Amino acid sequence: MYELKEPGGKSVRLEEGTAGEALKKLGAGKGAIAAILNGRAVDLFHPLNEDGEIAPITAGSEEGLDILRHSAAHLMAQAVEELYPGTRYGVGPSIKDGFYYDMEIPGGITEEDLPKIEKEMRRLAKRSIPVERREMTKDDAIAYFREVKNDPFKVEIISELEEDKVSLYFQGNYADLCRGPHVPDTSWIKHFRLLSVAGAYWRGDEKNVMLTRVYGTAFADEEALEAYIRRMEEARSRDHRRLGRELDLFSLQPEGPGFPFFHPKGMVIMNQLTDFWRKEHVKRGYSEIRTPLILNRDLWIRSGHWDHYRENMYFTEIDENPFAIKPMNCPGGMLVYKSQIRSYRDLPLRMAELGMVHRHERSGVLHGLMRVRCFTQDDAHLYCRPDQVKDEIIGIMDLCDFIYREVFGFKYSIELSTRPENSMGSEEQWGIAERALKEALDERGAEYRLNPGDGAFYGPKIDFHLEDCIGRTWQCGTIQLDFQMPEKFDLTYIGADGKEHRPVMLHRTVLGSLERFFGILIENFAGAFPYWIAPVQARILPVAGDFTEYARKVADELRAEGIRVEVDERDEKLGKKIRDAQTQKIPYMAVVGEKERESGGVAPRERARGDLGAMSMARFKEVLAEEFSPF
RNA sequence: GCCGGUGUAGCUCAGUGGUAGAGCAGCGCACUCGUAAUGCGCAGGCCUGCGGUUCAAGUCCGCACACCGGCUCCA
């Protein structure tokens with residue numbers, strides 16, 4: 001006899017049975033896909049063998065979706081096994097928005113095979129094949145996968161597990177190593193879709209074989225699945241590469257793979273961004289420098305880049321001497337620091353640089369403006385005394401928060417990355433540096449994720465990540481603490497004691513790469529940029545050819561106020577002009593015709609609000625002046 | 001770099017071995033127009049490049065380049 005209680009307080013006594021039956025008796029079975037029994041997630045078909053607390057995991061919940069998707073991955077693997085005998089299986093987890101399975105499929109597959117697999121999945125689902133869990137010893141499991149399944153990947157995974165016992169899930173002939181829980185039978189998986197096929201290295205290591213990864217997704221109901229598909233389609237329409245072309249912001253040409261071209265309208269945005277950036281940095285006590293793109297190779301050997309970053313660098317020659325194109329701004333910045341004797345009174349010294357860097361990226365990783373081979377970092381190097389480090393870090397975090405959240409309204413996440421392999425410096429220095437970053441994060445009360453082993457080769461870092469339109473996150477801001485460079489370059493300042501001391505150096509960016517940040521701006525606003533940054537802020541639309549002259553006069557008057565304005569002089573109907581201005585996502589249109597010319601006014605239209613009604617020029621200027629601007 | 005896919009007009013795409021097409025954009029003409037597409041006409045192509053198969057290649061094969069989705073790597 002077992003007594004099960006649900007969190008609400010209800011309880012039930014059962015002679016025997018399963019977790020699912022207990023939930024049903026408690027009236028909590030509806031929508032359940034699995035259960036939590038004494039804090040452990042279990043299958044609904046888990047046989048009861050203890051008293052305790054039980055609660056349902058519903059299919060719609062995050063945890064439930066996770067289980068559903070994991071089961072969908074199993075179903076897909078089962079379908080692949082039916083269709084492609086001899087397939088071997090890597091891992092098949094649920095992920096954000098779906099699931100995947102990495103498989104070694106004899107003969108391989110392409111996206112054209114997905115409908116066939118999906119069909120087989122539906123066939124198997126319809127048959128309501130029961131899912132069964134079996135625990136066995138590690139040795140038995142290894143033997144099973146080696147001898148029955150001939151699957152070296154599963155054998156490898158099991159061999160490395162710590163536990164003595166492992167659990168296997170069976171459905172029909174298909175078996176998989178899995179912790180579970182899973183749905184009770186295959187018919188529970190109804191609302192799914194296979195999405196794409198890709199290559200993926202076994203265990204994520206490029207030295208290993210490449211498996212075929214099939215991505216898919218599953219939801220608790222058809223509406224949620226369709227909503228997801230729609231969302232992905234809508235996301236495609238705001239892809240920065242597409243909008244970059246449609247709005248004539250930038251282009252990428254085969255002549256320069258990874259080297260973007262910025263068109264006039266794109267440059268307006270870049271310039272607005274940097275104008276704002278400069279003003280904000282002045283306010284926050286930064287000075288600005290600029291260092292050369294090409295510097296002697298010895299500098300890079302000295303900085304450690306030759307040893308740690310050579311693969312990503314471009315090299316050239318001047319008068320038969322070796323030079324390198326800078327992949328980072330720090331060595332140049334340090335030469336500026338060293339150009340004179342520094343006093344403790346100068347510290348903290350904050351030197352910013354909009355530095356263009358070139359990095360050799362492998363051909364397969366390029367992605368619009370998000371991942372390029374030449375980009376402009378909104379870099380800064382801060383030199384300070386050890387006791388100033390924490391406040392400086394907090395100051396940078398404030399600046400990031402201000403720009404991301406207050407100015408642009410972005411959500412962001414923070415990561416703390418610690419010492420990587422192949423790094424410079426002592427254990428002790430890294431310890432101090434990592435603790436300093438942690439303290440600053442804690443003091444500011446920032447939430448962050450730990451990312452062990454992902455620091456720069458010269459120091460640990462705090463990274464700020466922003467999201468693109470389909471949920472991929474991109475690193476933008478970064479704060480890196482560096483004890484190495486000041487050492488390598490023998491940076492000093494004269495202390496109050498008259499002696500030389502070693503400054504601590506912080507590298508940081510806020511926007512990260514102007515190019516990437518621009519890409520994120522495009523996607524975030526779907527091309528409908530805020531007024532202050534919009535390439536064209538207002539377009540004047542004469543109702544007919546007769547009013548072109550007046551339209552030009554209106555444009556001139558606005559232009560004199562510094563407003564970015566243009567006139568649609570084409571011989572088209574008003575409806576067409578409005579439509580085109582809307583498609584170009586121009587914030588304001590100003591219609592002018594007989595009435596406006598008579599009164600000397602305009603009839604403005606705002607892209608989201610529509611017709612604002614006729615008004616005087618003075619009033620229109622006021623309306624424009626009321627628009628948000630961060631500077 | 002690796003796996004898979006794609007490459008035809010400025011853009012989006014038809015064209016499955018036999019004379020290169022459409023819509024939008026562009027240009028011209030007419031219309032003189034009031035809040036999301038006026039009509040008619042014209043022009044626009046080394047079908048990514050280089051090789052090969054074939055009487056014949058946009059179409060089939062190979063290589064290269066670029067791009068797309070992932071993996072690894074990264075701002």
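Just so it is clear: chains get the letters A, B, ... in the order the sequence lines come, proteins before strands, and each one is counted from 1. Keep in mind that what you see is a predicted model, and the values were worked out from it rather than measured.
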First of G368(A) and R607(A) reached from the 5' end of RNA chain B, by closest nucleotide: R607(A)
Watson-Crick or G-U stems of RNA chain B, 3 or more pairs, under 3.5 Å, by first number: B:1-7 with B:65-71, B:10-13 with B:21-24, B:26-30 with B:38-42, B:48-52 with B:60-64
Sugar-phosphate, base or nothing in reach of E246(A), heavy atoms under 4.0 Å: nothing
Short side-chain N/O contact to A25(B) OP1/OP2 from K576(A), under 4.0 Å: yes
Nearest-angstrom distance, C1' atom, G17(B) to C55(B): 12 Å
Per R570(A) side chain, nearest of listed nucleotides G34(B), U32(B), G26(B): G26(B)
Side chains of F402(A) and V510(A) in contact at under 4.5 Å (non-hydrogen atoms): no
Nucleotide nearest P257(A) when distance is taken to its side chain, options U38(B), C67(B), C11(B): C67(B)
Side-chain H-bond candidate by donor/acceptor type, E353(A) with T291(A), under 3.5 Å: yes
Rounded distance in Å between the P positions of A57(B) and G52(B): 12 Å
Interatomic distance, D568(A) CG vs G34(B) P [rounded to whole Å]: 15 Å
Rounded interatomic separation in angstrom, taking CZ from R579(A) and C1' from C33(B): 18 Å
Spacing between K207(A) atom NZ and G1(B) atom P, to the nearest angstrom: 18 Å
Whole-Å C1' distance, G10(B) and G45(B): 12 Å
5'-most by nearest nucleotide on RNA chain B - P604(A) or S363(A): S363(A)
Proximity to the side chain of T110(A) - top-ranked nucleotide from A37(B), G5(B), G34(B): G5(B)
Between S94(A) and D66(A), a side-chain donor and acceptor under 3.5 Å: yes
Touch class at under 4.0 angstrom, heavy-atom based, for A581(A) against every strand present: nothing
Nearest-angstrom distance from the residue atom CZ of R539(A) to C1' of A36(B): 13 Å
Touch class at under 4.0 angstrom, heavy-atom based, for G575(A) against every strand present: sugar-phosphate
Whole-angstrom distance between U53(B) and G58(B), as gauged at atom P: 16 Å
Ion pair check, R278(A) and E288(A), cut-off under 4.0 Å: yes
Touch class at under 4.0 angstrom, heavy-atom based, for Q253(A) against every strand present: nothing
A37(B) and C29(B), which share atom name P, separated by this distance in whole Å: 25 Å
Check: R419(A) main-chain N/O paired with E434(A) side-chain donor or acceptor under 3.5 Å: yes
C1' atoms of G18(B) and U54(B), separation to the nearest Å: 12 Å
Carboxylate-amine/guanidinium proximity below 4.0 Å for R371(A) and E361(A): yes
Between A66(B) (P) and F259(A) (CZ): distance, integer Å: 11 Å
Annotated protein contacts, base or backbone, on nucleotides 69-75 of chain B with a non-hydrogen cut-off under 4.0 Å, one of B, S, - each: BBBBBBB
Rounded C1' spacing from U48(B) to A9(B) in Å: 14 Å
SB check D463(A) K461(A) (cutoff 4.0 Å): yes
Carboxylate-amine/guanidinium proximity below 4.0 Å for D580(A) and R570(A): yes
Carboxylate-amine/guanidinium proximity below 4.0 Å for R284(A) and E280(A): yes
Separation of atom CZ in R236(A) from atom C1' in U12(B), rounded to whole Å: 15 Å
R230(A) with E233(A): basic N within carboxylate O range, under 4.0 Å: no
Nearest-Å distance once atom P is located in both C68(B) and C11(B): 14 Å
Sugar-phosphate, base or nothing in reach of E596(A), heavy atoms under 4.0 Å: base
Euclidean distance, atom OH of residue Y100(A) to atom C1' of C3(B) [Å, nearest integer]: 15 Å
Sugar-phosphate, base or nothing in reach of K595(A), heavy atoms under 4.0 Å: base
Check ion pair R619(A)-E622(A) (N to O, under 4.0 angstrom): yes
salt_bridge(K553(A), E557(A)) N-O dist < 4.0 Å: no
L114(A) CG - G4(B) P separation (whole Å): 14 Å
